[in-house]
Amino acid sequence: MILELDCGNSFIKWRVLESDQAKASAEGVVGSDFALIESLAALPGLSLTRCRLVSVRALEETNKLVEVLQGAFGVAVSCAVSAREMAGVRNGYEDFERLGLDRWLAMLGGFKLAPGACLVLDFGTAATADFIAADGEHLGGFICPGMPLMRNQLRTHTRKIRYDDAAAERALERLSPGRTTAEAVERGCTLMLRGFVLTQLELARSYWGDDFTVFLTGGDADLVSDAVPQARLVPDLVFVGLAMACPLS
Ligand SMILES: Nc1ncnc2c1ncn2[C@@H]1O[C@H](COP(=O)(O)OP(=O)(O)O)[C@@H](O)[C@H]1O
Ligand SMILES: CC(C)(COP(=O)(O)O)[C@@H](O)C(=O)NCCC(=O)O
Ligand SMILES: [K+]
């Protein structure tokens, strides 16, 4: 069994595959290393042979998680690393190692699923856009605060924006002008994300006409998917790229 991990700034996404190429037999989203080990330990019949992970966290933090996994499950862990070029995609950063590994893997995954021009949009702690031309050249991308950061900045830097998770969830049932603080903030931030998406689409059209594929991924991709009906919503896009960057052989 193979354990795959995508360690973002807020959450660790995990899944267990029976073998390479197989579908996930178990998966989850957790907020800490401890919660990850707990979730895995609770799986009946777990017998891990390999683990591969991608992390955008600090090296020490990632190393600590690798040690914990090795200690708890006695499993070898491969970590995705940066590359200038892979699977026909050329990293467009001036310093290729500075490009977030989750962005890089999502790009590899997107270009594999739809060889040709791609716009990859990821909605996690940050919202990111990456442009890959039909020949695999990464043109670069954009990084903005995602939903969790926008919401938290408002909560932290104002006196009177306070509401609970239940109110936040209810607020997103529609996107008309808010009549409560929760509605006004949740809908306002959602519209910011949608505006981001529409701007990226405009830019992609200016480069490639209608000849490109849009990928949506990340925990908050659902918030914007209505705004891009033509997009492919691929929640595990980073894992597609992870299998490419860390083949198990
Ligand atoms: N099952 C889930 N568990 C946790 N967060 C989720 C889940 N589904 C959606 N989300 C939302 O996804 C966002 C985090 O996205 P994610 O891609 O995990 O971020 P990151 O990679 O930066 O850790 C949060 O706003 C969170 O509310
Ligand atoms: C842009 C990111 C913060 C996104 O992280 P996430 O929201 O997925 O946790 C991450 O890809 C990152 O730390 N990148 C390094 C900076 C860069 O890509 O230029
Ligand atoms: K991520």
Side-chain angles (χ1 to χ4, degrees), residues 4-15 24 26-33 35-36 38-39 52-62 65 79-84 89 91-110 120-132 138-155 163-172 182 185-190 192-194 196-197 200 215-225 233-242 245:
E4 297 186 322
L5 302 174
D6 169 7
C7 308
N9 282 291
S10 304
F11 293 100
I12 301 175
K13 278 66 68 180
W14 64 267
R15 66 184 199 178
E27 62 189 342
V29 182
V30 289
S32 66
D33 293 6
L36 172 68
E38 257 192 345
S39 301
R52 56 187 163 210
L53 75 75
V54 57
S55 171
V56 293
R57 299 181 174 191
L59 187 62
E60 311 83 74
E61 230 180 317
T62 306
L65 175 58
C79 297
V81 294
S82 303
R84 213 182 286 281
V89 182
N91 189 320
Y93 258 33
E94 285 174 15
D95 180 354
F96 72 93
E97 289 173 316
R98 300 252 168 210
L99 175 70
L101 274 170
D102 55 346
R103 295 172 62 191
W104 175 239
L105 297 187
M107 292 195 315
L108 295 182
V120 179
L121 302 170
D122 189 329
F123 298 91
T125 310
T128 61
D130 281 288
F131 292 75
I132 307 130
H138 173 222
L139 306 181
F142 299 96
I143 304 173
C144 290
M147 195 67 178
L149 288 183
M150 288 197 276
R151 185 191 274 139
N152 288 342
Q153 283 297 92
L154 284 169
R155 279 188 193 162
Y163 53 88
D164 59 27
D165 292 348
E169 195 168 326
R170 276 196 310 277
L172 286 174
V185 170
E186 292 294 312
R187 294 176 191 176
C189 293
T190 299
M192 295 269 286
L193 287 186
R194 289 181 180 221
F196 176 78
V197 169
Q200 306 309 320
F215 286 97
L216 296 182
T217 193
D220 284 323
D222 283 340
L223 292 181
V224 301
S225 55
L233 181 62
V234 184
D236 64 355
L237 194 61
V238 170
F239 284 133
V240 175
L242 180 61

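In each ligand, atom 1 is the first atom listed, and ligand 1 is the first ligand listed.
Of the candidates V56, T125, L99, D130, V56 brings a heavy atom nearest to atom 13 (O) of ligand 2. Distances from atom 3 (C) of ligand 2 to the heavy atoms of D220, N9, T217 show the closest one on N9.
Note that the CD1 atom of I12 and the CG atom of L65 stand 5.5 Å from one another [nearest 0.5 Å]. To the nearest 0.5 angstrom, N9 atom CG is 8.0 Å from D102 atom CG. L223 contributes atom CG, which lies 13.0 Å from atom CZ of R187 (distance to the nearest 0.5 angstrom). Interatomic distance, L139 CG to D130 CG, rounded to the nearest 0.5 Å: 9.5 Å.
Which parts of ligand 1 touch G124 is read off a 4.0 Å heavy-atom cut-off, strictly below it: atoms 15 (O), 16 (P), 17 (O), 19 (O), 22 (O). Near G218, the atoms of ligand 1 lying under 4.0 angstrom from a non-hydrogen atom of the residue are 17 (O). Within ligand 1, the atoms closer than 4.0 Å to a non-hydrogen atom of G8 are 20 (P), 21 (O), 23 (O), numbered from 1 in the order shown. When each atom of ligand 1 is checked for a heavy atom of K13 under 4.0 Å away, the hits are 16 (P), 17 (O), 18 (O), 19 (O), 20 (P), 21 (O), 23 (O). Close contacts between ligand 1 and P148 involve ligand atoms 24 (C), 25 (O) [criterion: under 4.0 Å to a heavy atom].
With hydrogens left out, the protein atom closest to atom 10 (N) of ligand 1 is G219 O, 3.6 Å, a heavy atom. Of all protein heavy atoms, the one closest to atom 14 (N) of ligand 2 is G100 CA, 3.3 Å. In this structure, the protein non-hydrogen atom closest to atom 22 (O) of ligand 1 is T125 OG1, 2.5 Å. Protein heavy atom nearest atom 25 (O) of ligand 1, with residue, atom name and distance: D220 OD2, 2.6 Å. For atom 15 (C) of ligand 2, the closest non-hydrogen atom of the protein is R98 O, 3.5 Å. Distance from atom 14 (C) of ligand 1 to its nearest protein heavy atom, with residue and atom name: F11 CD1, 3.8 Å. Ranking the protein heavy atoms by distance from atom 19 (O) of ligand 2 puts Y93 OH, 2.5 Å first.
Minimum heavy-atom separation, T62 to S55: OG1-OG, 2.8 Å.
By the 3.5 Å distance cut-off applied to N or O atoms, A126 is counted among the residues near ligand 2.
Partner of T125 under the side chain to side chain contact (heavy atoms under 4.5 Å, CB included) criterion, out of N152, V56, L149: L149 alone.
With a 4.0 Å heavy-atom cut-off, ligand 2 is reached by no atom of L101. At a heavy-atom cutoff of 4.0 Å, ligand 1 is contacted by the side chain of V29 but not by its backbone.
Using bins of under 30°, 30° to 60° and over 60° for the plane-to-plane angle, the ring pair Y93/H138 lands in the parallel bin.
The presence of a protein heavy atom under 4.0 Å from atom 6 (C) of ligand 1 is ruled out.
Side-chain N or O atoms of T217 include one that pairs as donor or acceptor with a backbone N or O of P235 at under 3.5 Å.
The nearest N, O or S atom of D102 is closer to the K ion (ligand 3) than 3.4 Å.
For the pair L154/C189, a side-chain contact is recorded, criterion being any heavy-atom separation below 4.5 Å from C-beta on. Using a 4.5 Å heavy-atom cutoff, the side chains of E4 and D236 are not in contact.
Relative to the six-membered ring of F239, R52 misses at least one condition, a distance below 6.0 Å or an angle of at most 45° to the axis.
Residue contacts with ligand 2 include D102, since one of its heavy atoms falls under 4.0 Å from the ligand.
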